[in-house]
Peer 1: 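Before I ask anything, let me first share the structure, which is written out below as structure tokens.
The figures that follow rest on heavy atoms only: side chains count, while hydrogens, waters and symmetry mates do not. One-based numbering along the sequence shown.
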Amino acid sequence: MTASFNSRRMLAWTAPVALALTALAPALPAQAAAKPTVPTITVGPVDKDLNGDGVADLVTVGGPGTGLASGVWSALGVKSRKTGVGTGQVQTPATNIGLRGNGFGGTESAAEFDGGQVINGHFFGGATQDFLVYYPAGPYAGNGAVINGAGDGTMLDPVSGNESTIASDYLLDANGNSPLTLVNGYVADGVDNGIPDLIGISGDATNGYRLGYYPSFGAPGLYFGTTTLSNSTPTGGSDWQNWSIASTETASGVALFLRNATTGDLYLWTGITMVDNGDGTGILTHTQYQVAANWNTGVAISTLWPADINLDGTPDLWTVLPNGTYRAYLITGLGTSGTATVTATRAQRLV
């Protein structure tokens, strides 16, 4: 499992699939909203658009400690009547789309999602946004599943043939560790077999923690040959266990938000490409921006959900807090020196 197998692509699906665009978001201190300006609207599919209306949508997991009932909660984005792009607000109350469970837990209960992480992407290779749930701990630790999206913000019944299980063996790193977290890697390695790859963080106290790249083998739920990445953290360290990551895709490529809750550092990597060394190791090339300093320092965030909310070509963030409230952070003014401008919307309850 430790070697990188580009040969997997020879067996992969060859039908091209439109890529989705994705975005995540943490929370900033409340601040006055800037006067809205008419954005330069990018053209193309919108990542995390669950219902095809051209606006990104928000998804989070419920359960103990989240302020929400067990399940998966979907909230469709609100479109501005004036500009035709997302405002950062979502339609509430959100809808629990996970009432039938994850499809492999055996109880057919919403509680099967407790402790899971859910991301979106074309994980069945079709046009709709599907759902991937991964469990870093608990009774399903190291395992996951992909569930078909219905195309309207909900998922198809996972116990009726619409789920594909991800076995824990497929996601182990070179030292036998399961990921602490997983995000959509899209096609960052440039090899498109119709199913997105994954990016994660894994490791242990003895061997250290690193980013990893998990290439798709061209079938739903099948990942094989983890590539260990040599990237340092945005601040030059190796303490990847202290960082959270969240991914999206825009017209300029794959983007990754990186947050250190202890220090309040929030960074953005754009234009990500995975360079495979051919020996089980590789590196993510990217452009780095410091989005904010002292951003939600020490604040527990249940979900970081990135997307290009207002279609200006720059990834934005939604955050969901453990009290069940959400907030959008619209980002402008990225630069390689200094921080960006982050405009926070008013916090509101999802349910």
Side-chain angles (χ1 to χ4, degrees), residues 18-27 39 41-62 66 68 71-81 83-99 113 116-124 126-133 146-156 183-184 186 196 246-251 255 257 301-321 324-331 345-351:
L19 290 178
L21 309 169
T22 316
L24 284 217
I41 300 176
T42 57
V43 178
V46 178
D47 190 28
K48 296 190 172 71
D49 178 9
L50 303 182
N51 64 344
D53 66 351
V55 174
D57 305 308
L58 172 62
V59 175
T60 190
V61 176
T66 68
L68 300 166
V72 177
W73 293 86
S74 172
L76 301 179
V78 173
K79 182 183 294 188
S80 167
R81 294 181 180 179
T83 65
V85 301
T87 64
Q89 303 299 323
V90 298
Q91 299 176 31
T92 56
T95 301
N96 192 345
I97 62 174
L99 296 176
F113 288 103
Q117 304 169 353
V118 172
I119 59 176
N120 280 124
H122 299 287
F123 293 112
F124 277 89
T128 61
Q129 288 274 320
D130 306 309
F131 301 84
L132 185 152
V133 56
V146 291
I147 303 170
N148 262 312
D152 59 0
T154 68
M155 61 178 64
L156 298 178
V183 301
N184 195 330
Y186 303 93
S247 70
T248 188
E249 189 175 44
T250 68
F257 280 99
I301 295 176
S302 302
T303 298
L304 287 176
W305 194 255
D308 185 2
I309 295 173
N310 56 4
L311 297 184
D312 64 354
T314 299
D316 307 297
L317 273 176
W318 270 299
T319 59
V320 181
L321 300 185
T325 63
Y326 80 93
R327 172 177 281 168
Y329 297 89
L330 304 179
I331 299 169
T345 63
R346 181 170 59 90
Q348 298 188 62
R349 290 200 60 81
L350 278 171
V351 178

Peer 1: I need the T154 OG1 to N96 CG distance, nearest 0.5 Å.
Peer 2: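 Interatomic distance, T154 OG1 to N96 CG, rounded to 0.5 Å: 11.5 Å.
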
Peer 1: Test your reading of the model: is there a side-chain donor-acceptor pair from D308 to the backbone of T250, 3.5 Å cut-off?
Peer 2: no

Peer 1: Between R349 and Y326, what is the shortest heavy-atom contact and its length?
Peer 2: O-CE2, 4.2 Å

Peer 1: Hey, does L58 have a side-chain heavy atom less than 4.5 Å from the side chain of L76?
Peer 2: no

Peer 1: I'd like to know if the side chain of D316 reaches the main chain of I331, judged simply by a donor and an acceptor atom lying under 3.5 Å from each other, with no hydrogens or angles considered.
Peer 2: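 Yes; judged by distance alone, with no hydrogens or angles, the pair exists.
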
Peer 1: Could you pull out the closest heavy-atom pair between S247 and V183, with the gap in Å?
Peer 2: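 Scanning both residues completely, I find the closest heavy atoms to be OG-CB, 3.6 Å.
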
Peer 1: What are the two closest heavy atoms between D130 and N120, and how far apart are they?
Peer 2: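 Shortest heavy-atom separation between D130 and N120 comes out as O-ND2, 2.8 Å.
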
Peer 1: Hey, could you give me the NE2/CG distance between H122 and L132, rounded to the nearest 0.5 Å?
Peer 2: 13.5 Å

Peer 1: Is it the case that more than 12 heavy atoms not belonging to R346 sit under 6.0 Å from its CZ atom?
Peer 2: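 Result for CZ/R346: open.
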
Peer 1: Identify the heavy atoms of P196 and N184 that sit nearest to each other, and give their distance.
Peer 2: CB-OD1, 3.3 Å

Peer 1: Write down the atom of I147, the atom of F124, and the distance for their closest heavy-atom approach.
Peer 2: C-CE1, 3.6 Å

Peer 1: Going by the side chain to side chain contact (heavy atoms under 4.5 Å, CB included) test, name the single residue among T303, V61, I301, T325 that passes it with V320.
Peer 2: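 Single pass found, and it is T303.
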
Peer 1: Minimum heavy-atom separation for A75 to A94, with atom names?
Peer 2: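 Distance-wise, the nearest heavy atoms are CB-CB, 4.0 Å.
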
